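Throughout, protein chains are lettered first and strands after them, A, B, ... in sequence-line order, and every chain is numbered starting at 1. Bear in mind the structure is a predicted one, so any value in this text is a computation, not a measurement.
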Amino acid sequence: MSIFGYLAAGAADGLGKAAVSAADSQDKATLQKELLAEKQAGALELATQRAQDRADRERENILLRAELGGSKGAGGKAAGINLFQLAVDTPPEKQGALVETVRGFAGEDAANVLSRIFGKTPTETATPTTGDVTRYDRTVDENGQSGAIAPASATRAVSVDMEKGRVGLQRLMTLVMDPAKYDDFAKGEARTVGTDAVTRAVATGKDGDMRQAGAVNMALEGKDRFAVQGDSVVDKALGGASLTPLGNAKAADERSSAEKNSAAGKKYTAEADDIAKNGRGRTGGDKPATTADMQRQVNAARDELAIELNVKKDEVNAAVGSLQRRADAGDKNAAKRLEAVRPFVTEYRGALQRMQEFKRIEKTDDTDAPATSPAAPGKATAPKPAAALPLPREKAALQSGKVYQTSRGPAKWNGTAFEAQ
Amino acid sequence: MEQESGLTNTSPDAKPASAGQQAQFDLLLGRCRQVMGEAAEEWIATLKADPVQGAVTLGTTTLRQLVGMSEKAGQPVDPTVLINVGVQLVKDVAAVANAAGLVQDDELPAYLKDVMQQSMAEYLRADAEDGLLSPDDKQRAAKLVQGAEPGMLAQMQQGEAP
């Protein structure tokens with residue numbers, strides 16, 4: 001409870017007493033005067049007793065000092081009061097208390113001596129003069145002249161207190177006259193605080209001060225300083241932004257995706273460059289087809305057939321031809337044997353054919369004119385029909401049913417192999 | 001002693017205040033008003049309970065507290081300044097009570113007199129209780145309470161609350 005709450009309670013108690021007393025103000029004043037007279041008589045008696053006690057203490061201290069002596073001694077005698085020694089032994093934070101203690105035990109003169117030792121301005125209690133309504137201390141200067149301490153001059157602090165006091169009184173009046181406008185009054189005061197903050201910030205010219213003033217004004221106006229925009233939290237007063245937890249997670253995902261796309265992009269770029277460089281598609285796998293690749297397929301198929309026939313690699317064609325002739329002649333065993341190795345024979349012949357076609361396509365890429373292989377010695381070349389199409393660059397571009405100009409002459413592509421026309 | 005609400009002392013014998021006195025007056029009055037403003041609701045509630053006793057209790061206590069703090073700070077309050085601050089405070093409280101409808105216009109002179117007399121009596125009583133009152137002040141204090149001395153009471157009646 002504030003001090004004023006207790007005071008209000010005390011005033012309420014006084015109400016009960018006042019209620020039974022005379023309502024007339026003159027009677028109240030009479031009662032007050034009687035009470036004051038009684039209290040003053042008691043206070044006078046108390047003050048007299050205190051003065052008497054103090055005088056007694058002074059006499060005792062003098063006797064005590066006389067009895068104890070002024071120097072440290074031995075043989076059971078206690079040391080006397082040595083002001084200088086006390087001053088040396090007392091730490092700075094306890095000097096004030098020591099001065100007061102000495103004042104009580106040894107009087108004003110001793111206390112003032114100790115104060116001068118400590119470098120403090122000694123004080124003395126002035127006898128209240130006529131007109132004084134309150135007791136107050138006076139300073140004693142070097143010449144022993146006493147005087148009241150000059151009050152604060154009309155400084156900035158005084159004018160500020162004046163203004164604040166005026167505002168305080170206005171607040172009280174506002175609450176009395178128009179309680180509904182009390183909030184408006186408070187808002188006005190808040191506006192003043194905010195304006196003062198901005199004024200100070202403008203005077204310093206520092207960017208940080210301006211931002212702080214902005215934050216102060218936003219708080220006084222009840223505005224939200226922080227705002228969520230998308231996945232970011234923006235500080236509208238001090239600037240800057242930060243990601244919300246959700247924003248951080250999204251950013252992490254996007255970074256991860258970007259890294260993956262970057263790696264994939266590099267890979268695809270390399271492949272595109274490769275295709276552009278070589279100018280043909282693939283036969284399968286990651287590497288573009290070459291003649292060597294085709295030859296390897298032929299050799300692999302031949303080797304497998306040789307193993308099945310149990311002959312050497314270079315005897316495969318002869319062995320297959322012999323089996324074919326014997327099967328045609330009615331040899332059942334040869335026919336059965338030929339039937340068993342037929343898949344291997346088909347694979348071998350297919351690899352051979354693919355290699356031959358591959359070679360023809362390569363030869364076509366190197367020349368723009370339709371490929372015309374030089375005629376073999378002793379062989380006569382048949383005349384080429386004008387309707388034959390030139391071979392495309394890629395095998396996939398061959399159209400089934402179309403006649404193309406091959407090295408052997410016009411041939412029809414049946415989707416699998418060329419058929420001589 | 002001039003201040004915004006007019007002269008506190010309208011007596012023909014009034015002497016102009018020194019710069020130091022004026023500054024101390026402004027400081028002490030301003031702080032008293034700040035305290036009143038900060039405890040506005042308590043003031044209103046107390047005045048509504050008893051306009052006179054409430055003003056005396058709160059006003060005297062506020063002023064004595066601030067005077068004591070000033071003394072402890074090494075700046076004792078000039079007695080003349082103290083009286084004038086008290087006069088102005090009583091005027092301020094009377095204005096508040098009048099605005100609140102607690103004291104009617106025709107009751108203001110009596111209200112001002114009652115509050116001033118009882119405030120001084122209360123102040124003196126508190127000082128005596130604290131052992132701050134010298135025997136020489138007793139007679140003067142009695143005169144002040146009785147209003148027989150043309151002092152601030154006459155000033156109070158002349159310079160009524162705004």
Which distance, rounded to the nearest 0.5 Å, do you find between the [atom1] of [X] and the [atom2] of [Y]?
{"X": "B:N98", "Y": "A:M173", "atom1": "CG", "atom2": "CE", "value": "8.0 Å"}
{"X": "A:L172", "Y": "B:E41", "atom1": "CG", "atom2": "CD", "value": "10.5 Å"}
{"X": "A:R171", "Y": "B:M36", "atom1": "CZ", "atom2": "CE", "value": "11.5 Å"}
{"X": "A:K164", "Y": "B:R33", "atom1": "NZ", "atom2": "CZ", "value": "15.5 Å"}
{"X": "A:L175", "Y": "B:I44", "atom1": "CG", "atom2": "CD1", "value": "5.0 Å"}

Per-residue contact mode, B:D78 against chain A (heavy atom under 4.5 angstrom):
neither
Out of B:A99, B:S70, B:A45, which one racks up the most heavy-atom pairs below 4.5 Å with chain A?
B:A99
Given B:G30, B:C32, B:A73, the one with more heavy-atom pairs under 4.5 angstrom with chain A than any other is B:G30
Using the side chain to side chain donor-acceptor pair (under 3.5 Å) criterion, which residues pair with B:E107? Sequence neighbours excluded.
none
4.5 Å side-chain heavy-atom contact, B:L29 and A:D161
no
Quick one: side chain to side chain contact (heavy atoms under 4.5 Å, CB included) partners of A:Q95, sequence neighbours excluded?
A:T90, A:P92, A:F118, A:K120
